Amino acid sequence: VEPGEEIVVKVTTDYRSGLIGLVVLIAFIGLLVYFLTRGVRIKKRVFKIRNPVHGDSEVKVMLHVKNKDNQEVHNIKVIDLVPNAVRLIHEYGTLRPEKVQQGARGIRLIWTLETLSPGEERIISYNASVENNIIGSVYLPPASTQYINRKAKFVIHRSGSAEISP
């Protein structure tokens, strides 16, 4: 460009490709979340019942099992491990365990739920006690559900671990 000359530059920006990419990304994330949150889910919660000054603290462990799929699920095994640091009190809520197995790491409790309808939730609970003289917290390992889905695939879901603090 010589001095005194003028040049007009016209710039056109097309945002369609970026917008289409964003819509595809959001749709992919939505489908991913949808398919990953289906199936039988389990949550583990611990509530203190009694906390005496001397003696053992009594807690209630609750397992929330929910069918988030749109079809019935059959023969669901719910498995929870009570570690050796925790003493199982044989008081159960709505369901008694089908099996109680003593192992090297603790007591394994196994329940079998025959059928869970879509959206149905079952709450399984049991009582346990922990000595007050334990320093720090006691962690309960995750509970798990095991079943075979409609595609004949063996599926395992685990809850988070739960903490019993003094």
Side-chain angles (χ1 to χ4, degrees), residues 26 28-166:
I26 290 172
F28 177 74
I29 291 172
L31 287 172
L32 187 66
V33 167
Y34 175 73
F35 284 111
L36 288 179
T37 58
R38 293 178 60 179
V40 176
R41 298 293 173 215
I42 184 166
K43 291 182 183 176
K44 188 173 194 175
R45 306 252 188 262
V46 176
F47 301 98
K48 279 196 179 178
I49 297 175
R50 275 179 256 161
N51 192 9
V53 177
H54 302 290
D56 296 348
S57 294
E58 192 171 328
V59 296
K60 179 179 282 278
V61 180
M62 298 179 80
L63 304 173
H64 298 262
V65 181
K66 185 172 184 175
N67 181 4
K68 292 192 162 197
D69 208 342
N70 55 3
Q71 293 189 353
E72 281 188 348
V73 180
H74 301 280
N75 298 323
I76 303 117
K77 284 202 181 302
V78 179
I79 302 169
D80 196 15
L81 179 68
V82 181
N84 289 328
V86 178
R87 188 171 54 87
L88 180 66
I89 301 172
H90 295 278
E91 292 179 22
Y92 304 99
T94 54
L95 292 172
R96 295 186 64 80
E98 188 177 278
K99 295 178 187 172
V100 178
Q101 300 172 340
Q102 180 67 48
R105 293 179 29 202
I107 298 173
R108 180 179 299 148
L109 303 172
I110 302 172
W111 294 266
T112 301
L113 305 176
E114 295 300 322
T115 303
L116 271 182
S117 299
E120 183 178 0
E121 181 176 5
R122 301 261 180 101
I123 298 175
I124 299 171
S125 64
Y126 61 90
N127 291 0
S129 67
V130 180
E131 292 182 21
N132 274 344
N133 61 1
I134 293 177
I135 298 172
S137 298
V138 175
Y139 288 92
L140 298 178
S144 65
T145 57
Q146 300 177 352
Y147 62 97
I148 296 175
N149 67 7
R150 63 179 177 258
K151 295 177 183 173
K153 181 180 172 189
F154 185 71
V155 180
I156 299 175
H157 290 286
R158 287 184 177 79
S159 70
S161 59
E163 177 184 8
I164 303 172
S165 55

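If you're wondering where the values come from, they're calculated on a predicted model, not measured in any experiment.
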Query raised in the report: Does a side-chain heavy-atom distance below 4.5 Å link I107 with V100?
Result: yes
Query raised in the report: Got more than 12 heavy atoms from elsewhere within 6.0 Å of CZ, F154?
Result: yes
Query raised in the report: Can you find a side-chain donor-acceptor pair between H74 and T115 that sits under 3.5 Å?
Result: yes
**Report entry** side chain to side chain contact (heavy atoms under 4.5 Å, CB included) between Y147 and N75, worked out
**Finding:** CA-CA 6 Å; Y147 62 97; N75 298 323; over 6 Å; no
Query raised in the report: Parallel, tilted or perpendicular for Y92 and W111, by the 30°/60° rule?
Result: perpendicular
**Report entry** Verdict with supporting geometry, I123 and L63, side chain to side chain contact (heavy atoms under 4.5 Å, CB included)
**Finding:** CA-CA 6 Å; I123 298 175; L63 304 173; over 6 Å; no
Requested in this report: Go through the steps to decide whether S129 and R87 satisfy the test side chain to side chain donor-acceptor pair (under 3.5 Å), and finish with yes or no.
Outcome: CA-CA 5 Å; S129 67; R87 188 171 54 87; 3.1 Å; yes
**Report entry** Side-chain heavy-atom pair L113, L95 within 4.5 angstrom cut-off
**Finding:** yes
Query raised in the report: What residues form a side-chain contact (heavy atoms from CB on, under 4.5 Å) with S117, not counting sequence neighbours?
Result: E72, E120
Query raised in the report: Does CZ in R108 sit with more than 12 non-hydrogen atoms of other residues, nucleotides or ligands closer than 6.0 Å?
Result: no
Report task. Going by the side-chain hydrogen bond (donor to acceptor under 3.5 Å, both in side chains) test, name the single residue among K66, K68, H64 that passes it with E121. Result -> H64
Report task. Would you mind listing every salt bridge (Lys or Arg N to Asp or Glu O under 4.0 Å) that reaches into residues 89-99, with sequence neighbours excluded? Result -> none
